[in-house]
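Structure first, commentary second.
Worth knowing before you read on, the calculation uses all heavy atoms, side chains too, and leaves out hydrogens, waters and symmetry mates. In what follows, chains are A, B, ... by sequence order, proteins preceding strands, each numbered from 1.
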Number of protein chains: 2
Amino acid sequence: MKLADTVAPIRPATAAFDVDALAPHLPTTRRRLRTGQHLYRAGQAFHALYFVHAGFLRTSLVADDGREQVTGFPMRGDLVGCDAIGAGAHIGDAIALDTCEIVELAYPAVLDACRGVPALHGMLAEAMGAELRRDRARLLALATLSAEQRVAWFLRGLARRQRALGYSAHHLCLRMSRVDIGNYLALKHETVTRALSHLDADGVIAVERREVRIPCVERLDAAAGAGAAVASRAA
Amino acid sequence: MKLADTVAPIRPATAAFDVDALAPHLPTTRRRLRTGQHLYRAGQAFHALYFVHAGFLRTSLVADDGREQVTGFPMRGDLVGCDAIGAGAHIGDAIALDTCEIVELAYPAVLDACRGVPALHGMLAEAMGAELRRDRARLLALATLSAEQRVAWFLRGLARRQRALGYSAHHLCLRMSRVDIGNYLALKHETVTRALSHLDADGVIAVERREVRIPCVERLDAAAGAGAAVASRAA
DNA sequence: GCGCGTTGTTACCGACTGTTACCGGACGTT
DNA sequence: AACGTCCGGTAACAGTCGGTAACAACGCGC
């Protein structure tokens with residue numbers, strides 16, 4: 001049975017990591033997570049990468065003193081856990097924001113599987129390269145953008161990913177709390193609220209709790225300011 | 001001829017990437033860069049990774065509108081250019097801060113070389129994983145630390161890497177300008193100067209232009225605050 | 001020597017964001 | 001229904017950092 005037969009296959013342009021092509025060469029297991037369940041926790045032994053087949057997660061880096069930095073919100077088509085390769089243990093948590101379908105790829109077995117198939121050869125390295133580019137685009141955004149621009153940049157990124165998966169880019173459902181968004185963007189949750197309210201007042205978006213409507217994507221691009229430029233290339 | 005015969009070999013604990021073990025299986029070329037010369041520029045076709053055998057560089061991410069974000073200061077033992085894997089072209093500049101000895105590793109040939117030798121199998125993935133962890137530790141530092149703590153955290157990281165390479169951790173020579181440090185830490189150069197002056201006034205360090213003495217590493221750790229905790233694990 | 005550009009330092013002011021506080025609503029538990 | 005908790009929104013206040021400016025130190029070419 002193919003991995004992606006319950007829903008439409010993920011288009012190559014969307015997924016850096018083609019788990020369907022890999023599956024025949026690697027024994028994979030599927031896991032189902034419910035909201036709030038952990039995929040892994042900081043300190044747990046690292047023995048597998050995880051491919052998100054459906055659902056949304058939140059990944060974080062956890063410091064020794066308990067401080068937490070949200071590193072991303074993986075969704076369908078994303079590969080999770082790469083930052084533990086070479087470390088032996090996971091350096092942060094991964095928690096489900098809603099019901100998730102996860103494909104578990106044993107490490108280092110996944111290396112052998114890629115090795116055996118020329119077409120899959122650089123796939124893992126390319127997926128990790130893409131993750132490096134995303135991290136650095138975010139660093140640039142955090143370093144150069146104001147609070148309001150960062151929030152617009154964040155919404156813009158979510159909308160683009162939704163659109164890449166075939167959904168509408170004009171309506172978002174934020175699975176994460178204001179605190180999570182703030183942690184991701186190096187802001188406090190009050191500031192996130194302020195920025196969302198202001199963008200709403202300006203007519204750029206329409207916010208109601210965790211529902212966001214984006215009438216005009218171009219206006220959101222403009223609100224994200226100059227930082228928008230690099231995201232399109234690095235995404 | 002071995003690659004590392006002009007100076008002492010790099011200890012395995014220091015270098016995530018063991019270029020000496022790889023060399024017999026891959027035709028490598030050496031390049032020499034002088035201060036100010038570019039190793040690559042944003043937009044150039046990506047066809048090789050670069051291993052720093054000696055010298056210091058500055059890598060950056062360049063946005064479409066020309067804004068630049070410094071992403072790191074690679075030194076002896078570091079692998080440069082990984083963030084271009086899968087992108088086709090380099091996403092930023094790499095410039096020499098002094099005379100550099102660079103080993104050029106053709107891509108994707110380096111994948112084949114690793115594939116042929118079991119011992120080198122996950123080496124590239126592990127080096128990239130380490131880079132991901134460094135990026136995320138930096139994100140945590142930028143998100144949680146004050147300006148002065150960030151500067152202390154930066155100096156502390158430099159000192160640790162110097163010590164790992166066998167040099168003294170009590171004396172640093174900053175190859176990069178205040179502007180570069182500020183860009184790396186998401187601060188303005190005046191703020192970097194202020195932080196350095198304040199740390200000097202407190203007796204934590206002694207600064208004179210680009211020379212920094214660190215009489216007591218523990219005091220620098222303390223000045224870096226809580227953010228110091230994660231760096232040791234993620235570095 | 002001299003002028004000039006670059007880099008580094010310090011001071012002052014103001015804007016942005018963090019801090020604190022309080023309130024309301026949604027949700028689950030007893 | 002009553003209660004507590006979590007999440008979200010708003011407001012007043014305070015602190016940090018950026019913006020600007022002026023100046024000093026150094027390197028460079030003439």
Side-chain angles (χ1 to χ4, degrees), chain A residues 34-36 58 67-70 95 97-98 141-155 172-202 205-212 223-227, chain B residues 34-36 58 67 69-70 95 97-98 140-155 172-202 205-212 223-227:
Chain A
R34 280 214 282 269
T35 308
R58 183 195 68 198
R67 282 174 314 120
E68 197 169 5
Q69 168 70 29
V70 173
I95 191 169
L97 295 177
D98 65 353
L142 299 197
T144 60
L145 301 185
S146 70
E148 189 175 325
Q149 287 175 318
R150 286 184 221 176
V151 172
W153 175 85
F154 172 72
L155 294 177
L172 292 178
C173 177
L174 303 178
R175 267 83 177 180
M176 67 295 291
S177 70
R178 303 287 193 265
V179 174
D180 288 339
I181 297 174
N183 194 316
Y184 181 73
L185 295 174
L187 299 170
K188 296 301 166 189
H189 64 94
E190 297 92 334
T191 307
V192 174
T193 294
R194 265 198 292 253
L196 285 173
S197 301
H198 197 239
L199 288 170
D200 189 316
D202 284 357
I205 58 175
V207 187
E208 191 168 349
R209 308 285 295 175
R210 296 195 173 186
E211 304 290 327
V212 179
Chain B
R34 282 213 283 267
T35 307
R58 183 194 69 197
R67 283 175 312 123
Q69 168 70 29
V70 173
I95 191 169
L97 294 177
D98 64 354
L140 176 63
L142 299 198
T144 61
L145 301 185
S146 70
E148 190 175 324
Q149 286 175 319
R150 284 184 223 178
V151 172
W153 175 84
F154 172 71
L155 294 176
L172 292 177
C173 177
L174 303 178
R175 268 82 177 181
M176 69 293 292
S177 71
R178 303 287 192 265
V179 174
D180 287 340
I181 298 174
N183 194 315
Y184 181 74
L185 295 174
L187 299 170
K188 294 300 162 190
H189 64 99
E190 297 95 332
T191 306
V192 174
T193 293
R194 274 191 288 260
L196 286 172
S197 300
H198 197 242
L199 289 170
D200 190 314
D202 284 356
I205 57 175
V207 187
E208 191 168 347
R209 306 286 297 174
R210 296 195 175 187
E211 304 289 326
V212 179

- Task: Identify the heavy atoms of A:Leu199 and A:Ala223 that sit nearest to each other, and give their distance.
- Result: CD2-CB, 3.9 Å
- How far apart are the C-alpha atoms of A:Ser197 and A:Arg194, what are their side-chain angles, what is the distance that settles it, and do they pass the side chain to side chain donor-acceptor pair (under 3.5 Å) test? CA-CA 5 Å; A:Ser197 301; A:Arg194 265 198 292 253; over 6 Å; no
- Heavy-atom pair with the smallest gap, counting every atom of B:Thr144 and B:Gln149: O-OE1, 4.5 Å
- Query: Pick the nucleotide of DNA chain D nearest each of A:Val207 and A:Arg194; which residue has the one closer to the 5' end?
  - Reply: A:Val207
- Message: Rounded to whole Å, please give me the gap between NE2 in B:His189 and C1' in C:dT10.
- Response: 12 Å
- Item | Gap between atoms CG and C1', on B:Leu174 and C:dG8 respectively (whole Å) | 12 Å
- Whichever of A:Glu190 and A:Arg209 has the more 5' nearest nucleotide on DNA chain C, that residue is A:Glu190
- Message: From the set C:dG8, D:dT10, D:dC7, return the single nucleotide nearest to any side-chain atom of A:Thr193.
- Response: D:dT10
- Note on the structure: Result for 5'-nearest mapping on DNA chain C, choosing between B:Thr191 and A:Ser146, is B:Thr191
- Grab the NZ-C1' distance between B:Lys188 and C:dC13 for me, whole Å please. 18 Å
- Round to a whole Å and report the spacing from CG of B:Leu196 to C1' of C:dT7. 13 Å
- Task: Using whole Å, report how far CD of A:Glu148 lies from C1' of C:dT17.
- Result: 13 Å
- Touch class at under 4.0 angstrom, heavy-atom based, for B:Ala195 against every strand present: nothing
- A:Arg178 CZ to D:dC6 P, straight-line distance once rounded to whole Å: 18 Å
- Note on the structure: To the nearest angstrom, the CG-C1' distance between A:Leu199 and D:dG9 comes to 15 Å
- Under 4.0 angstrom, heavy atoms only, what part of the nucleic acid is A:Arg150 near: base, sugar-phosphate, or nothing? nothing
- Closest to the B:Leu187 side chain: C:dT9, D:dG8, D:dG18? D:dG18
- Message: It should be established whether A:Ser177 places a side-chain nitrogen or oxygen under 4.0 Å from OP1 or OP2 of nucleotide D:dC6.
- Response: no
- d(CE, A:Met176; C1', D:dG8) in whole Å: 16 Å
- Item | A:Arg210 side-chain N/O to A:Arg175 backbone N/O, donor-acceptor pair under 3.5 Å | yes
- Query: Step by step, would you call A:Ile181 with A:Val70 a side chain to side chain contact (heavy atoms under 4.5 Å, CB included)?
  - Reply: CA-CA 8 Å; A:Ile181 297 174; A:Val70 173; over 6 Å; no
